Amino acid sequence: MILPRNFYEREPLAVAKALLGKVVVHETSEGTTAGRIVETEAYMGPEDKASHAYGGLRTCRTEPQFGAKGHAYVYLIYGMYYCFNVSVGEVPGKPEAVLMRALEPVEGMGLMVRRRPAAKGNVVKLANGPSKLCMAMDISKKQNGADVCTPPFYIRDAQPVPEEGIDAATRIGVDYADEWKHKPWRFYKRNCPNVSFRVK
DNA sequence: TGCACGATTCTCT
DNA sequence: GAGAATCGTGCAA
């Protein structure tokens, strides 16, 4: 079953943890790909200096973060890669989001391998990074603003990762965020080989 | 109108 | 372990 919208209408840290174990599904004309979420990061709105919406910055780019919860926020990074977030939070209109950092492929492996030549057929490397999973799942600007509660691009319910199986750590690539970079707001499934390799 | 830079990845050494 | 690739966005001028 597809996760209902109210799944996302909670405090971001809770959603980030609850998303571990769930499955992202993308149905395309090429075929269907799906991957279990094994790593996420939470971005806590206007107060969070690491967030693109820091200070309440609202532009064309950050717009999806301000809209209805359970929508995709996809953006281009370093001019060549995409990152995929979902808007979440208890407060309507507050720009909070959860970044998907790594997936464990569960369906459409052959298709993912084709979309990810650099992984050289290594299943672990297909989606063990925020931009890698976008390539493997064919997520791009077209998915920006998409509702992840409805096909063809959605997140399916699945066995959650128990609290004791979740590790928390600092977020990646946000050294510019002063005190916010130390927040343990990255969550991942313990001992999972599919989490993004850059540990610190 | 111009400019610096990033929620990254890959390749080569 | 280092460096390149590459461009939309935000902010200064």
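A quick note: this is a predicted structure, and the numbers were derived from the prediction, not measured. Each chain gets a letter, A, B and so on, in the order its sequence line appears, and its residues count up from 1.
Shortest non-hydrogen contact noted between A:Y54 and A:K49 is CD1-CA, 3.3 Å. Contact record, A:G89 with A:E96: CA-OE1, 3.5 Å, taken as the closest heavy-atom pair.
Distance alone, capped at 3.5 Å, is enough to place a donor-acceptor pair between the A:E41 side chain and the A:I172 backbone. The backbone N or O of A:S196 lies less than 3.5 Å from a partner atom in the side chain of A:E39, making a donor-acceptor pair.
Summarising the geometry, the separation between OH on A:Y54 and P on B:dA7 is reported as 14 Å, rounded to the nearest angstrom. Atom-to-atom, CD1 of A:I77 to C1' of C:dG10 comes out at 13 Å; the value is rounded to the nearest Å. One can place NZ of A:K181 at 13 Å from P of B:dG6, the figure rounded to the nearest angstrom. Across the protein-nucleic acid pair, A:K132 atom NZ and B:dT8 atom P stand 11 Å apart, rounded to whole Å. Protein atom CG of A:D175 is 10 Å distant from nucleotide atom P of B:dA7, rounded to whole Å. Rounded to an integer number of Å, the gap from CG of A:L99 to P of B:dG6 is 17 Å. The distance between atom CG of A:N122 and atom C1' of B:dC10, rounded to the nearest whole Å, is 14 Å. Note: OH (A:Y81) to C1' (C:dA4) measures 10 Å, nearest angstrom.
As judged by a 4.0 angstrom heavy-atom cut-off over every strand, A:L76 is placed among residues touching the sugar-phosphate backbone only.
Checking B:dC10, C:dG10, C:dG8 against the side-chain heavy atoms of A:K141 singles out C:dG8 as nearest. Residue A:R116 places its side chain closer to B:dC10 than to any other of C:dT9, B:dC10, B:dG6. In this structure, the nucleotide among C:dT6, B:dA7, C:dG8 sitting nearest to the side chain of A:M80 is C:dT6.
Environment of NZ in A:K181: crowded, with over 12 heavy atoms of neighbouring residues, nucleotides or ligands closer than 6.0 Å.
Of the side-chain N and O atoms in A:K125, none sit less than 4.0 angstrom from OP1 or OP2 of B:dT9. In terms of phosphate contacts, A:S131 brings no side-chain nitrogen or oxygen within less than 4.0 Å of OP1 or OP2 of B:dA7. For the OP1/OP2 pair of B:dC5 and a distance below 4.0 Å, the side-chain nitrogens and oxygens of A:Y176 include no atom meeting the criterion.
The stretch residues 41-53 of chain A touches DNA chain B through A:Y43, A:A50, A:H52, each having a heavy atom under 4.0 angstrom from the strand.
For DNA chain C, runs of at least 3 consecutive pairs of the Watson-Crick or G-U wobble type, with both hydrogen-bonding distances under 3.5 angstrom, map to B:1-6 with C:7-12, B:8-12 with C:1-5.
Between A:D167 and A:R186 there is no salt bridge, since no side-chain N of the basic residue sits under 4.0 Å from a carboxylate O of the acidic one. Using a 4.0 Å cut-off between charged nitrogen and carboxylate oxygen, A:E63 and A:R58 count as a salt-bridge pair.
One finds the CE atom of A:M137 at 13.0 Å from the CZ atom of A:R116 (value rounded to the nearest 0.5 Å). To the nearest 0.5 Å, atoms NZ (A:K22) and CD (A:Q159) are separated by 8.0 Å.
Residue pairs meeting the side-chain hydrogen bond (donor to acceptor under 3.5 Å, both in side chains) criterion with at least one partner in residues 69-89 of chain A, sequence neighbours excluded, are A:H52-A:Y73.
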